[in-house]
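Let me begin by presenting the structure, written as structure tokens, before commenting on it.
Each chain gets a letter, A, B and so on, in the order the sequences are listed, and its residues count up from 1.
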Protein chains: 2
Amino acid sequence: MLRDVTIPLEPAEHLGGSATNDGVDGDDGSHRAVRSDAQRNHHRIVVAAREVFALQGSDASMVSIAHRAGVGAGTLYRHFPHRIDLVEAVYRVDVEELAVAAESAVRDLAPWEALRDWLDSFLRYSLGKRVFLTELRESFEKNPELKLRSRERVEQSFALVLENAQRAGVARTDIDGSDLMLLVGGMCTGPTLVGAQGERLLAMVLDGLRVTP
Amino acid sequence: MLRDVTIPLEPAEHLGGSATNDGVDGDDGSHRAVRSDAQRNHHRIVVAAREVFALQGSDASMVSIAHRAGVGAGTLYRHFPHRIDLVEAVYRVDVEELAVAAESAVRDLAPWEALRDWLDSFLRYSLGKRVFLTELRESFEKNPELKLRSRERVEQSFALVLENAQRAGVARTDIDGSDLMLLVGGMCTGPTLVGAQGERLLAMVLDGLRVTP
DNA sequence: ATATTAAGTGGACGAAGATTCCGTTTACTG
DNA sequence: CAGTAAACGGAATCTTCGTCCACTTAATAT
């Protein structure tokens, strides 16, 4: 996938950042366009990072990523001031897919089935994207003030499917989306999780979630 | 496997590694007793670590702990070859308390109440001992082969209260102690957990856990 | 007491990684 | 083509982990 869906790029003005200006020149008009080599390097770094993360896990060093991308450390840090920025760039597409899946589930399925199916998608996703969830968790742990876009996007999806089920009267109303994300996300980032175990636990959580008839 | 019941609280032994020469070796006969300064330093390091962890959180450096204990880095590493060994030593008492609480709950309460109460204790404990759970999780993530005694002790407690309820027919039988620990522990190590949220989620988990009448 | 000796000590040291700094290069613009 | 700001890259710095080893000391033997 080289040219992916044009993700609505945001002004990117959260703290310190403005790092992930994704190659596309926003026609502000007042300043120069983004240089072509910068665009190219940005892309190469993301690709290299994806490869290295897949290969070495989440303890890959920044310099090794820079080296594989064929750029210097300074260049990497110019584009991604913090490690988490790079991680977010790598997994942006996946997160977007999850969010879209939540929306289609809500649109196409009955409320309870939408909730169940999307949680199941999330679970299967987690099993493959442990690196991402781990990194996310760790940066958030280190600095809870940090607003992580991908995190918020996922939280929105949790809220979407849950509130949809709550409005339909099939899910208990004393918990909210971030509660549920804490529970399911926490279990999915557990280092010991294996496939069948996740399904068992998810079934139990769904039983606890369903409104008692 | 039977495990030796640790009668004394502060024998100067090493954890981890392969040398599981545990506790006060009674009649090895051939070697010297533990030197008094070694014993003293062991204790001072644990005390210093407790203070530093409480003060700086889990990202406290080993050298800063060594310095506060008034010993060199080498001494610290002699006593605690890995960071997790130190963490376990610091929180050993707390873990033991939890385990004892599980046993008394099972002894003194009805099965379901024992399960509920102990999970609640675990939750309240987690809120205060975030450092411990985080460290535990991280070392386990880095090396899943590692056998961590405190982790096993907690897992045993989960299994105890759960299986007790299952035998009494009040808890679903398709999950086991480590499943439950993954779920509840995962949620408790979440960086965003706050008091009321934990209680809400725990109530839900208990609903999902209770056998449907 | 004193000598012996193995265990214990502490800080210097090297590896490794994160992040910054800055002289040089390069792609746009006029 | 020249001017310029942006981007580059890698050397330099900083921090922490963990090891090593020459020296010290407490327990034991004499």
Side-chain angles (χ1 to χ4, degrees), chain A residues 16-23 25-45 48-49 52-53 56-87 135 138-139 142-143, chain B residues 11-17 19 21 24-25 28-45 48-49 52-53 56-87 135 138-139 142-143:
Chain A
S18 90
T20 51
N21 189 3
D22 215 359
D25 53 323
D27 40 24
D28 271 342
S30 57
H31 290 92
R32 286 192 177 189
V34 178
R35 266 171 57 166
S36 60
D37 55 345
Q39 245 172 308
R40 182 172 40 81
N41 279 334
H42 182 105
H43 187 250
R44 288 169 72 170
I45 290 169
V52 173
F53 281 145
Q56 304 189 22
S58 51
D59 52 348
S61 82
M62 294 295 258
V63 221
S64 74
I65 292 171
H67 184 256
R68 174 176 262 255
V71 303
T75 302
L76 192 158
Y77 278 96
R78 164 182 312 279
H79 285 280
F80 305 99
H82 306 283
R83 163 176 268 255
I84 190 61
D85 297 324
L86 180 53
V87 172
E135 290 281 348
E138 277 177 13
S139 5
K142 201 176 300 177
N143 179 9
Chain B
E13 84 274 22
H14 297 185
L15 303 170
N21 181 11
V24 187
D25 42 2
D28 213 354
S30 56
H31 289 94
R32 292 188 175 195
V34 179
R35 269 169 57 164
S36 60
D37 55 344
Q39 236 169 313
R40 180 171 42 81
N41 279 335
H42 182 104
H43 187 251
R44 286 170 73 169
I45 290 169
V52 172
F53 281 146
Q56 304 189 22
S58 51
D59 52 348
S61 83
M62 294 294 260
V63 260
S64 75
I65 292 170
H67 185 256
R68 174 177 263 255
V71 304
T75 302
L76 192 158
Y77 279 99
R78 162 178 300 277
H79 286 280
F80 306 98
H82 307 281
R83 164 176 268 254
I84 190 61
D85 299 324
L86 179 53
V87 172
E135 290 281 348
E138 276 176 14
S139 1
K142 203 176 298 179
N143 179 10

The reported gap from NE2 in B:His42 to CG in B:Asp37 (rounded to nearest 0.5 angstrom) is 13.5 Å

Backbone N or O of A:Ala38 within a donor-acceptor pair of the A:Asn41 side chain at under 3.5 Å? no

Whole angstrom value for the distance that separates P of C:dC28 from CZ of A:Arg40: 10 Å

Measure from CZ on A:Arg78 to P on C:dT20 and round the result to the nearest Å. 12 Å

Whole angstrom value for the distance that separates P of D:dG9 from CD1 of A:Ile65: 16 Å

Could you check whether any side-chain heavy atom of A:Arg44 comes within less than 4.5 Å of a side-chain heavy atom of A:Val71, counting everything from C-beta outward? no

How long is the line joining CD of A:Gln39 and P of D:dC8, in whole Å? 11 Å

With a 4.0 Å cutoff (strictly under), does any side-chain N or O of A:Ser36 reach OP1 or OP2 of C:dA27? no

Whole-Å gap separating C1' (C:dT19) and NE2 (A:His79): 16 Å

Are the side chains of A:Thr75 and A:His79 in contact, using a 4.5 Å heavy-atom criterion? yes

Along DNA chain D (nearest heavy atom to each residue), the more 5'-positioned of B:Thr75 and A:Gly70: A:Gly70

Looking at A:Arg35 and D:dA7, is any side-chain donor or acceptor paired with a base atom of the opposite kind under 3.5 Å? no

Specify the separation, in whole Å, of atom NE2 of B:His67 and atom C1' of D:dT15. 16 Å

Does any non-hydrogen side-chain atom of B:Asp85 lie less than 4.5 Å from one of B:His82? yes

What is the separation between atom CG on B:Asn41 and atom P on D:dT24, rounded to the nearest whole Å? 17 Å

Decide yes or no on side-chain contact (heavy atoms from CB on, under 4.5 Å) for A:Val87 and A:Phe80, but give the supporting numbers first. CA-CA 9 Å; A:Val87 172; A:Phe80 305 99; over 6 Å; no

Working to the nearest 0.5 Å, report the span between CZ of B:Arg35 and CZ of B:Arg40. 10.0 Å

Please list, pair by pair, any protein nitrogen or oxygen found under 3.5 Å from a nitrogen or oxygen in nucleotides 12-18 of chain C.
| residue | atom | partner | partner atom | Å |
| --- | --- | --- | --- | --- |
| C:dA18 | OP2 | A:Met62 | N | 2.8 |

Value in whole Å for how far the C1' atom of D:dC8 lies from NE2 of A:His42: 16 Å

